[in-house]
Amino acid sequence: MAKNYTIDDWNKQAEKELREKKLSDLKWETPEGIMVKPLYTKEDLEGLEHTDGFPGLPPFTRGPRATMYSNRPWTIRQYAGFSTASESNRFYKEGLKNGVMGLSVAFDLATHRGYDSDHPRVVADVGNAGVAIDSIEDMKVLFEGIPLNKMSVSMTMNGAVLPVLGSFIAAGIEQGCSKSELTGTIQNDILKEFMVRNTYIYPPQPSMRIVADIIEFTSREMPKFNSISISGYHMQEAGANQVQELAYTLADGLEYVKIALDRGLNIDDFAPRLSFFWSIGMNFFMEVAKMRAARFMWSEMIKNFNPKNMKSLALRTHCQTSGVSLTEQDAYNNVVRTTVEAMAAVFGGTQSLHTNSFDEALALPTSFSARIARNTQLILAEETGITNVIDPLAGSYYVENLTSNIIKEAKKLMKEVEDVGGMVKAIELGIPKMRIEESSAKKQARVDSKEETIVGVNKYQPNEQQDINILSIDNEQARKEQVAKLDILKKNRDLSKVNNSLAKLISAAENNNSNLLELSIEASLNRCTIGEITEALEKVFDRHKPSSKTISGVYANSVKSSDMLSGVKKEIEIFKNKFGRRPRILVVKMGQDGHDRGSKLIATAFADLGFDVDIGPLFQTPEEAAKQAVENDVHIIGVSTLAAGHKTLVPILMKELKKLDAESIKVICGGVIPPNDYPFLEEIGVTKVFGPGTSIPDAALEIIKLL
């Protein structure tokens, strides 16, 4: 029987249709390619596969532990390390007295790259962006008064993982701990180094053998220790969107599972001790959904290997708030950003968390800023009531739908990796690196064109100057102290034991007949240095040499406003007509810092704007950079710096240019440089310093004027 419609019925229907049209007009697409509606209802939960289950049970979408924070909160960690082991030890002890529950060690770049502090290639890197560790003696000082059989220690180390983990275990032994008592995590995730962070040492294949040796040894000897922390953090820091971070990290994890199984290990021998590491950025709900999606996907992936232990299916994770979201401009805004990101990590169900300090876009954190970062977690854990309810966002129409869409998009990227033969092959082909660099360029274009707001940077800029105390490391003094300690170590050790240990490592590397971590522990106990152990393996494995490819067209095609680009291109044409060629820039990264997001962004964007661009290889010395600049006949050198080496490296670069009669080549600097250092750089001849957050078209125009 036909329904009789009244005027009210027609009005309601018309109102519903109008509302739906307005809501449809407000849809937007995320950088991950996910369409987001402004309103979600219970209908959006229909047919979702991940929503069943409870915390502590497969597929673990709602958390790896049944009681989550209602029983005990996440572990509050403080990722830190600077200068010498004794300085860092004091910092750790202060943190432990004030609520820190576990230690996360940041090593300097010399250590990351397997060089002792007296090596000529690391004059600017010793003690600057982390703690310098040259031997077991430094490791013992680092943990003096901190019982390693009671304290969980996380170490971010990948390239020089064998000597660093070996010296940590050896230090524990000399402290009186058995290997089986040691708890903590070693990052040991070499695949992401070839994608984004670049603190590798050996080529991919021998690097994967090292990963397998560590998983094998720790599974057998160190049941409480996490043998690998599979890291997406550095991918997002390099510009990956959250779906890319998720997909490539899980694909890395799958590769590590396969190499462990190839060693004859059972899935339950090692899978419960695998852990993950996510970056948490400012897209709050996307980050929460990413972590839920990660647990579901990992559980489904590991199920294919028929584990008998349910813990093998559970993805456990450490999180760190984003470093790239921190701004130099109006830096106190970073306190708010870090708080929002920390809340996303907690609502997403992290097992441990490090909160960045507000001043880290300027320099290493001070005690003052580190205390604020630490207290951010304490306030969330003890004042907000967040910990009283397990998985409070479960059932949210938006979060659950977003989780499902992230799973779908991540599976597409993982299928692309699978189709070329797995993650090692995909990395060799450069696929993940290219995708991440494209994402980074698109994000920068959105920021430069003000399509994406960053408060205090491209909108709501402050008028007053900020006055922030900056921590400055005396790199030269730290290096002197380390070199002196190395001299003492080498005078007092048994050289025959040293040579015997190094010979064993070389033989094992050649013949694949012994576990390299086991031999590294022995070498550390015999006082072999980090550099000596690294060099012994390098004789067999060689040192990996990176390429310096850049993408093109992505930045220009992503900028919405053509006026931004046309102004720069017009000035370049004027320059070309006047001087007979386009302005030529050499973009360099000197020292051992492998974070190349900034240099790659400048190189690709400036090329899109019309500059002739050369890009130097990673890990250049100032001498090599000056030589390349002269040979390529550039107008200007752009120094990208992140790891506090500018006060040592840039003066050497200026002297080298003078030696080569190339003082006409202008030098500019950009990156994480404390404003207090600008006058020093200008005094030695640097033409201009650009801080974080500088608009690329604005910088390009200014550079053309300088020329």
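On a predicted model such as this, the values are computed, not experimentally measured, just so you know.
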Review point. Should Y248 and L413 be marked as a side-chain contact (heavy atoms from CB on, under 4.5 Å) after you check the CA-CA gap, both sets of side-chain angles, and the distance that decides it?
Key: CA-CA 8 Å; Y248 294 144; L413 285 180; 3.9 Å; yes

Exercise for review: Indicate yes or no for a side-chain donor-acceptor contact from T694 to the backbone of G691 under 3.5 Å, with no hydrogens or angles considered.
Suggested key: yes

**Study point:** D138 with K485: basic N within carboxylate O range, under 4.0 Å
**Key:** yes

Review point. After noting the C-alpha distance and the side-chain angles of L486 and S135, does the key distance pass the side-chain contact (heavy atoms from CB on, under 4.5 Å) rule?
Key: CA-CA 8 Å; L486 273 168; S135 72; 5.6 Å; no

**Study point:** Beyond-backbone contact of L657 with V667, side-chain heavy atoms, under 4.5 angstrom
**Key:** yes

Review point. Do R479's NZ or CZ and the ring of Y115 fall within the cation-pi criteria of under 6.0 Å and 45°?
Key: no

**Study point:** Electrostatic pair D633-R584, nearest N-O below 4.0 angstrom
**Key:** no

Check your understanding: Taking 4.0 angstrom as the limit, do K659 and E656 come out as a salt bridge?
Key -> yes

Point to revise | R121 and E624 ion-paired at < 4.0 Å | key: yes

Review point. Within a radius of less than 6.0 Å around CG of D698, do more than 12 heavy atoms belonging to other residues, nucleotides or ligands occur?
Key: yes

Practice item. Have a look at E437 and tell me which of K442, K443, K600, R597 forms a salt bridge (charged side-chain N to carboxylate O under 4.0 Å, His left out) with it. Key: K600

Review point. Any ion pair linking K490 and D118 (charged N to carboxylate O, less than 4.0 Å)?
Key: yes

Point to revise | Test item: side-chain donor near acceptor, T338 and N356, under 3.5 Å | key: no

Review point. Does the side chain to side chain donor-acceptor pair (under 3.5 Å) test come out yes or no for Q620 and K627, once each step is laid out?
Key: CA-CA 11 Å; Q620 269 189 318; K627 185 169 181 268; over 6 Å; no

Point to revise | Charged tip of K589 within 45° of F619 ring normal and under 6.0 Å | key: no

Practice item. Report the relative orientation of the aromatic rings in F541 and Y202; use parallel for angles under 30°, tilted for 30 to 60°, perpendicular for over 60°. Key: perpendicular

**Study point:** Beyond-backbone contact of N198 with E193, side-chain heavy atoms, under 4.5 angstrom
**Key:** no

Practice item. Could you grab the distance from atom CD1 of I133 to atom NE2 of H112, nearest 0.5 Å is fine? Key: 11.0 Å

Review point. When the ring centroid of H635 is compared with that of F579, is the distance short of 6.0 Å?
Key: no

Point to revise | Lys/Arg N to Asp/Glu carboxylate O, E237 vs R197, below 4.0 Å | key: no

Review point. Heavy atoms, side chains only, cut-off 4.5 Å: are I454 and K459 in contact?
Key: no

Check your understanding: Ignoring hydrogens and geometry, is there a side-chain-to-backbone donor-acceptor pair from T604 to I551 under 3.5 Å?
Key -> yes

Point to revise | E452/R446 salt bridge by N-O under 4.0 Å criterion | key: yes

Exercise for review: Given side-chain contact (heavy atoms from CB on, under 4.5 Å), test V324 with Q236 step by step and report yes or no.
Suggested key: CA-CA 8 Å; V324 78; Q236 192 178 142; 5.8 Å; no

Exercise for review: Check the pair S369 / D359 against side chain to side chain donor-acceptor pair (under 3.5 Å), numbers first and verdict last.
Suggested key: CA-CA 7 Å; S369 65; D359 53 359; 2.9 Å; yes

Review point. Is it true that a side-chain atom of N458 and a backbone atom of V447 form a donor plus acceptor pair closer than 3.5 Å?
Key: yes

Point to revise | Matching residue for F107 among V164, I530, T199 - test: side chain to side chain contact (heavy atoms under 4.5 Å, CB included) | key: V164

